[in-house]
Amino acid sequence: MRKRTAVWMFAAVAVMSVLAGCSTEEKGNFTGTMSEVESQSTESTIQTSEVEESYDGRLVSDGIMELDYAKEFSVERFLGGYRMITVGETEKYLVVPEDRSVPKELEEGVVVLEMPIDKVYVASTSLVSLIDAIGELSRVKLVATDVEDWYIASVTEAMKAGRMGYSGSFQEPDYEKMVEQGIELHIDTAMIDTCPEVKEKFAELSIPSLVEISSKESHPLARVEWVKLMGVLFGKETEAEEYFDNQKALMERAMAAEKSGVTVAMGYITSSGKYYARNGGDYLVQMIEMAGGEYVCADIAPEKSGNTSMSFEEWYAAFQDADYLFYWNFGNKFYSIQEMIAYEPLLADLKAVKEGHVWITSPDFSQATSAISSIVSDMNTILFSENPDEVTTDHLLKLPLTTE
């Protein structure tokens, strides 16, 4: 009996050994000691705990947002979804996610923006197109440009439908409307710095102000890259990055590998009869050169954006031999070469006018920051076309000889 019991015990030990071996292989072929298993288990628990740890009310840096061209703003990411926007060198805005609390210890002067930001007053027309580009136009409740002066279809549609309202000029906004609409954020251009009383009034109403300075950006795509800042404000960072990447790719396709050999003049005449040429350092001049053109006034203020005022004689001398004229249809607007010559007969002697190579900017040209890459593409098409008179583009319109 004892012998049979011993045999059964031996068999049981053997079976248990086999099963233990099978179990070891099925569970990851681990061949370490029990202390190593416990160590791995403890390490895994710590990692899980770190992942699940709440960053509510804490600012733990997760790196700086990568920007390709923009120099006038930056964004620091923090764990838990917090974002610190810096505009210029000193203006800071902390964007707080909807499910997070405001950190208690913040640097003095930091403006807190709590998400979601659903009701915004935007006095910057250029940024409206970028907000629209990421599908967040519904957040814009008031603007500083009335419906008849808008040329972005989605904006005019929203205003006519009553989803967006006119607030009055940026110098004298309708504060009662701001309160009635429950405005949560005021976005303006640097022009508002000439009206400090306006910013003070918004502060009184506890409406934070964000002053955008995209106009200071030197590279055309840097202005488009401000879409990433809009993405941060409205919780659309992924969409903003995808949009910018698409615009960057479009720009790269539109950029000429070599010069076209075509010289281009660009400027305008005001309603009061003053003549302006784009500065050599202006973003539009860069766009002309990217598209393969040669700007005839490149030596005028080569370090500055914007325009330079000239006498008619200076303007005429600078533009006289340019192959093409891109006329900013602003102030003194022309809708035919006939109208242009009727305004000033000497313009008939400009080479571009004589040969009928004049294009005017489309009505939405100055409002469509989101279309900068498309404008370069249009310029490239015109400059390299064998039959430029037959080219149709969206943002530069061929000026007909006569008014129909």
Side-chain angles (χ1 to χ4, degrees), residues 215 218 220 256 259-366 372 375-376 378-391 393 395-404:
S215 61
S218 58
K259 293 297 182 181
S260 64
V262 177
T263 56
V264 180
M266 189 170 194
Y268 66 95
I269 308 169
T270 68
S271 55
S272 61
K274 293 182 179 180
Y275 289 76
Y276 286 87
R278 304 302 294 195
N279 289 331
D282 188 64
Y283 78 104
L284 282 167
V285 172
Q286 289 190 55
M287 291 163 66
I288 290 170
E289 293 173 346
M290 287 175 179
E294 179 183 344
Y295 184 57
V296 295
C297 297
D299 59 341
I300 296 177
E303 303 300 324
K304 290 184 178 180
S305 60
N307 308 274
T308 288
S309 176
M310 298 175 155
S311 67
F312 170 72
E313 291 75 18
E314 292 170 328
W315 199 84
Y316 178 88
F319 285 21
Q320 184 176 15
D321 297 322
D323 296 317
Y324 292 175
L325 170 59
F326 292 165
Y327 182 81
W328 188 293
N329 219 22
F330 169 80
N332 215 320
K333 298 180 180 180
F334 301 118
Y335 297 99
S336 71
I337 288 178
Q338 182 184 49
E339 285 185 14
M340 184 175 279
I341 295 173
Y343 174 79
E344 173 50 71
L346 287 175
L347 294 177
D349 294 330
L350 297 180
K351 180 182 178 182
V353 174
K354 281 193 290 189
E355 297 180 357
H357 292 158
V358 180
W359 284 263
I360 60 172
T361 55
S362 61
D364 68 342
F365 197 89
S366 63
I372 280 178
I375 293 171
V376 173
D378 285 354
M379 289 177 174
N380 180 274
T381 299
I382 292 168
L383 294 170
F384 283 91
S385 175
E386 294 181 2
N387 299 297
D389 294 341
E390 299 176 8
V391 167
T393 52
H395 303 287
L396 287 166
L397 313 177
K398 186 74 167 57
L399 195 63
L401 293 175
T402 60
T403 304
E404 296 181 359

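This chain uses plain numbering: 1 for the first residue, then up along the sequence.
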J.: With side chain to side chain contact (heavy atoms under 4.5 Å, CB included) as the criterion, how do I269 and K274 come out once you've worked through the C-alpha distance, each side chain's angles and the decisive distance to 0.1 Å?
T.: CA-CA 6 Å; I269 308 169; K274 293 182 179 180; over 6 Å; no

J.: Can H395 and T361 be said to form a side chain to side chain contact (heavy atoms under 4.5 Å, CB included), step by step?
T.: CA-CA 6 Å; H395 303 287; T361 55; over 6 Å; no

J.: Hey, what do you get for NE2 (H357) to CG (L325), rounding to the nearest 0.5 Å?
T.: 12.0 Å

J.: Only pairs under 3.5 Å count here: list side-chain donor-acceptor contacts from residues 278-285, not counting sequence neighbours, and write none if there are none.
T.:
from : atom 1 : to   : atom 2 : distance (Å)
R278 : NE     : D282 : OD2    : 3.1
R278 : NE     : N307 : OD1    : 3.3
R278 : NH1    : N307 : OD1    : 3.1
R278 : NH2    : D282 : OD1    : 3.3
R278 : NH2    : D282 : OD2    : 2.9
N279 : OD1    : T308 : N      : 3.4
N279 : OD1    : T308 : OG1    : 2.3
N279 : ND2    : S305 : O      : 2.8
D282 : OD1    : G306 : N      : 2.7
D282 : OD2    : L284 : N      : 3.0

J.: Which pair of non-hydrogen atoms, one from Y275 and one from S311, has the smallest distance, and what is that distance?
T.: CB-O, 4.5 Å

J.: E294 and V262: side chain to side chain contact (heavy atoms under 4.5 Å, CB included), yes or no, with the steps?
T.: CA-CA 6 Å; E294 179 183 344; V262 177; over 6 Å; no

J.: Measure from the side-chain N and O atoms of Y295 to the backbone N and O of M266, and report whether any donor-acceptor pair falls under 3.5 Å.
T.: yes

J.: Scan the side chains in residues 335-353 for donor-acceptor partners under 3.5 Å anywhere in the protein, sequence neighbours excluded, and list what turns up.
T.:
from : atom 1 : to   : atom 2 : distance (Å)
S336 : OG     : Q338 : N      : 3.4
S336 : OG     : E339 : N      : 3.0
S336 : OG     : T403 : OG1    : 2.7
E339 : OE1    : Y335 : N      : 3.0
E339 : OE2    : T403 : OG1    : 3.1
Y343 : OH     : N332 : ND2    : 3.4
E344 : OE2    : L346 : N      : 3.1
K351 : NZ     : D323 : OD1    : 2.6

J.: Check whether the ring centres of W359 and Y327 lie less than 6.0 Å apart, and answer yes or no.
T.: no

J.: Restricting to non-hydrogen atoms, name the atom on A291 and the atom on F384 that form the minimum distance, rounded to 0.1 Å.
T.: O-CE1, 3.2 Å

J.: For S385 and N387, does a side-chain donor sit closer than 3.5 Å to a side-chain acceptor?
T.: no

J.: Do you know which two heavy atoms are closest between K259 and E289, and how far apart they sit?
T.: NZ-O, 3.2 Å

J.: Between W328, F330, F326, Y268, which is the residue that forms a ring pair (Phe, Tyr, Trp, His ring centres under 6.0 Å) with F365?
T.: W328

J.: Starting at SG of C297, measure out to CD of E314 and round the result to the nearest 0.5 Å.
T.: 10.5 Å

J.: Can you tell me how far apart CD (Q286) and OG (S218) are? Round to the nearest 0.5 Å.
T.: 5.5 Å

J.: Identify the heavy atoms of L397 and T393 that sit nearest to each other, and give their distance.
T.: CD2-O, 3.7 Å

J.: Within a 6.0 Å radius of atom NZ on K398, are there more than 12 heavy atoms belonging to other residues, nucleotides or ligands?
T.: yes

J.: Quick one: are Y324 and T263 in side-chain contact, heavy atoms under 4.5 Å?
T.: no

J.: Using the rule given for side chain to side chain contact (heavy atoms under 4.5 Å, CB included), can you reason through D389 versus E355, listing the C-alpha separation, both sets of side-chain angles and the distance that settles it, and then say yes or no?
T.: CA-CA 10 Å; D389 294 341; E355 297 180 357; over 6 Å; no

J.: If you compare all heavy atoms of I300 against all heavy atoms of M310, which two are closest, and at what distance to 0.1 Å?
T.: CD1-CE, 3.0 Å

J.: Of all heavy-atom pairs between V296 and A318, which one has the smallest distance, and what is that distance?
T.: CG2-O, 3.6 Å

